[in-house]
Amino acid sequence: MRDWLKAWRKGYGKKLARLHAWNGWIVVLLAITGLVLFGGFWRGVLGEGRVWVRWLHIVVGLASLLPVLYYLFLAGKHWKQLRGKPWQRANVLVVLALLVGWLLSGILLWQFRTVGPYWSNAALYTHDLLTWIGLPYIIYHSLARTKWLKEPHRRTVKTDKAEPAGGLHPAAGPQAVYTRRAFIRTAVGAGLAITLGPSFLQWLGNNLGSGASLEKLIEEDANRLTPLPNPLPDSSPPIGGGSQGSFRVYTVTPIPTFTNANWSFVVDGLVERKLHWNWEQFIKQKRIVQVSDFHCVTGWSVYSNTWEGIPLKELLKQAGVQPQAKTVKLYSGDGVYTDSLTLEQADMDDVMVAVLHDGKPIPSDLGGPVRLVVPKMYAYKSVKWLNRIELIDQDHTGYWEERGYDKDAWV
Ligand SMILES: Nc1nc2c(c(=O)[nH]1)N[C@H]1C(S)=C(S)[C@@H](COP(=O)(O)O)O[C@H]1N2
Ligand SMILES: [Mo]
């Protein structure tokens with residue numbers, strides 16, 4: 001066993017260098033796929049591709065366990081070599097800690113169904129935080145590396161005596177190979193920094209000043225509907241005490257905006273009476289208030305939302321559901337997004353056609369003037385800019401369900 005280990009560790013400098021390169025590419029791949037998953041922009045562009053990107057991210061992420069384990073095999077010797085170089089030792093520990101932290105929080109996110117929204121939310125926060133700290137750190141580290149790579153005598157990764165003198169790539173000559181590699185690293189690093197900066201600032205804004213981002217979304221509400229609905233006493237101040245956490249604005253289209261002229265609400269299909277309201281009529285309907293949590297499958301949650309609106313079951317009662325009807329199909333005013341509920345699901349008391357959130361009109365970014373809220377299901381059921389409800393006699397597969405999300409959306 002020991003002999004085997006010794007033999008295997010022989011030429012470890014070369015192994016370590018190769019490992020370092022592999023690690024680099026794994027981090028680059030994870031960074032790119034991770035940012036694509038994080039960035040709202042890509043949701044509409046990728047469609048079904050998003051689910052594949054997610055799988056790629058998970059598989060590569062899990063595979064990163066291999067270089068970590070591999071390194072741990074080599075670590076003893078490497079550690080000795082780094083004696084008297086505390087910064088480099090610290091660097092090794094930081095990178096290992098980052099990889100392990102990403103891996104553990106990533107596993108929780110991957111298994112969101114098993115661990116539940118509480119753990120997913122904590123894991124997503126950790127995953128993001130590690131990214132915003134770790135990615136710039138790694139980029140900086142790899143940029144710094146490029147400088148000393150040009151000076152072979154300053155390289156810390158030394159080759160074994162058994163290997164040809166003159167570096168790791170004797171045939172090509174270290175200079176040429178490393179300069180090109182250094183260039184690629186620099187380019188990748190700079191590209192990441194440029195793409196990372198704005199997302200980081202956005203994330204910071206959403207997660208530090210709690211509530212600040214909601215206020216900003218309300219300020220930037222692009223809808224122009226009058227009159228504004230008057231909140232019920234339970235909404236203002238909100239009985240839930242104000243929502244905890246922040247919404248990530250998700251959309252698969254440009255954000256649609258509405259005025260009294262282009263907004264209406266329809267209930268049709270297999271109903272006794274087709275219903276059609278304009279804004280003034282719609283907000284005269286009796287509303288109620290509920291406090292509920294909001295969970296997205298990608299891991300984040302917003303707790304204790306005070307929603308005010310009309311229970312979906314009330315609208316269905318008014319319209320009169322015909323006996324052949326099976327499914328409630330929900331349309332977004334964005335013209336693209338749809339989802340559905342079975343009649344039984346639509347009959348739950350807390351499924352709400354919401355008009356106010358924490359006592360204020362729902363801003364356009366968050367699906368206002370009217371969005372659906374289905375607290376017991378993942379939020380892809382909560383159709384934003386809801387403006388049509390159609391009763392149909394068939395099943396309907398919603399936008400994200402068509403693109404890989406589970407038809408079973410129960411939290
Ligand atoms: N019209 C429309 N509704 C939608 C979506 C969307 O992209 N378009 N995304 C869904 C998903 S996956 C989530 S998590 C929530 C996000 O709501 P928010 O953007 O208000 O945070 O809206 C849901 N409803
Ligand atoms: Mo979601």
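Order of appearance sets the numbers: ligands from 1, and atoms from 1 within every ligand.
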Taking a 3.5 Å cut-off between nitrogen or oxygen atoms, can you list every pair linking ligand 1 to the protein, with distances?
from     : atom 1 : to   : atom 2 : distance (Å)
ligand 1 : 1 (N)  : S332 : OG     : 3.2
ligand 1 : 1 (N)  : D334 : OD2    : 3.0
ligand 1 : 1 (N)  : K384 : O      : 3.4
ligand 1 : 3 (N)  : K384 : N      : 3.0
ligand 1 : 7 (O)  : V252 : N      : 3.4
ligand 1 : 17 (O) : R371 : NH2    : 3.2
ligand 1 : 19 (O) : R248 : O      : 3.2
ligand 1 : 19 (O) : Y250 : N      : 2.9
ligand 1 : 19 (O) : K384 : NZ     : 2.4
ligand 1 : 20 (O) : R371 : NH1    : 2.7
ligand 1 : 21 (O) : R248 : O      : 2.6
ligand 1 : 22 (O) : R371 : NH2    : 3.2
ligand 1 : 24 (N) : S382 : O      : 3.0

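A cation-pi arrangement is absent between R403 and Y405, since the terminal nitrogen or guanidinium carbon is not both under 6.0 Å from the aromatic centre and inside a 45° cone about the axis.
Scored by the side chain to side chain contact (heavy atoms under 4.5 Å, CB included) test, V94 finds L98, Y137 as partners (sequence neighbours excluded). Remark: N278 pairs with E280, Q281 by the side chain to side chain contact (heavy atoms under 4.5 Å, CB included) rule, at least two apart or across chains. For S243, the side chain to side chain contact (heavy atoms under 4.5 Å, CB included) test picks out L214, V302, N305, H357, D358, with sequence neighbours left out.
Atom CD of Q324 sits in a crowded spot, with more than 12 heavy atoms from other residues, nucleotides or ligands closer than 6.0 Å.
Using a 30° and 60° split on the angle between ring planes, W277 and F282 fall in the perpendicular class, above 60°.
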